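Following: one structure in structure tokens, then a few remarks.
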Amino acid sequence: MPIPEELRRVYRRQGYQFVGGHSAVKACHWTRKSLRTGGAEYCYKQRFYGIPCHRCLQMTPSLGRCLQSCIYCWRAQPSDLGIAWDQTYFPPEEAEDPEFIVEASIEAHRRAISGFGGNPRVPREMYLEAREPIHAAISLEGEPTLYPRLGELVEAYFNHGFKTVFIVTNGLRPDVLANLDREPSQLYVSVSAPDEETYKRTCRPLVRDGWRRLMETLELLNSFSCPTVLRHTLLPGYNMHSPEAYARLAELSNATYLEPKAAMSVGYARYRFGYEEMARHGDIRRFAEALAEASGYRILDEHPPSSVVLLSRLEKPIRLC
């Protein structure tokens, strides 16, 4: 089932570069800022884990498909556009080859940053490095575990010389995560509710047993050898409460890291909550302190420009690059 043209038009306006029939690439805000400032400003991934921000390729293999309709999601959802589109189903026969996706995504990334090559403020060496990405963030839009060949995709990025690959998932396909052909360098699971009632109100699952599936994924994290992260995207009035309940989920998963982060009023999320309703970094820091006290995790670092705090039981984060 092809992506509706109404959705494709929105993605084009937002700067997405299409890759085949169901994948896309977009140069993120921080990659562009890092290039413009000669590396003086960068994202939390570089600060926490050593990922070079200007060499990050951000992509999705499942454009427009997801099992949730989160309040804070920036993507255009079918209901936003008044169109019919089953975003929960990915026909296996439509899954394109991982090698093609990797090679085409690199070319799409180069197109997305091509304008920086003529910018006199961008160091030439830095621009040339950016054209050769070494980190893939499979996290741009949609739910990556709906792509039937996700493990092969991770493997293909490594085979093309990428040093690190991150997967960010909402955790509703534990069956896929349990059978990955290749683990990523780091696995993120979005855990944006401390209990099922809050989960249904904030994440708005499109399947009946979303909370059960998420709990199954959290238990599964204990079996991964790569670092794992619980990402808490927080919005006051919805899910920014009960740090002790979030702590119980951390205990269940034994995650390497916790990352409480402010939900941002950007993209189509602006139609669901305003800028003034967002948590500020001070709010996130205070929530992180309460979470640390309840969980036994300690605060290792923070990135105020991204309104995110890093917690772990480790003494310091693992530098991946």
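Every value quoted in this text rests on a predicted model; they were computed, and no experiment measured them.
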Nearest heavy-atom neighbours spanning E141 and G64: OE1-N, 2.8 Å

Below 3.5 Å, can you tabulate the donor-acceptor pairs from side chains in residues 288-295 to any protein atom, sequence neighbours excluded?
from : atom 1 : to   : atom 2 : distance (Å)
E289 : OE2    : R285 : NE     : 3.0
S295 : OG     : L291 : O      : 2.7
S295 : OG     : Y297 : N      : 3.1

Of the non-hydrogen atoms in R47 and R319, which two are nearest, and what is the gap between them? O-NH1, 3.0 Å

Listed by chain and number, what are the ring pair (Phe, Tyr, Trp, His ring centres under 6.0 Å) partners of Y127, not counting sequence neighbours? none

Between R65 and Q87, a side-chain donor and acceptor under 3.5 Å: no

Side chain of R270, backbone of G267: donor and acceptor closer than 3.5 Å? yes

Is the ring pair Y188/F166 parallel, tilted or perpendicular, if the boundaries are 30 and 60 degrees? tilted

When the ring planes of W211 and Y199 are compared, do they come out parallel, tilted or perpendicular, using 30° and 60° as the limits? tilted

Quick one: does NZ or CZ of R149 land under 6.0 Å from the six-membered ring centre of F90, within 45 degrees of the ring axis? no

List the atom of F18, the atom of R8, and the distance in Å for their closest heavy-atom pair. CZ-O, 3.5 Å

Provide the closest heavy-atom pair for W74 versus L140 in the form atom of the first, atom of the second, distance. CZ2-O, 2.9 Å

Side-chain donor-acceptor contact under 3.5 Å, Q77 with S69: yes

Can a salt bridge be assigned to the pair E196 and K200 using a cut-off of 4.0 Å between side-chain N and carboxylate O? yes

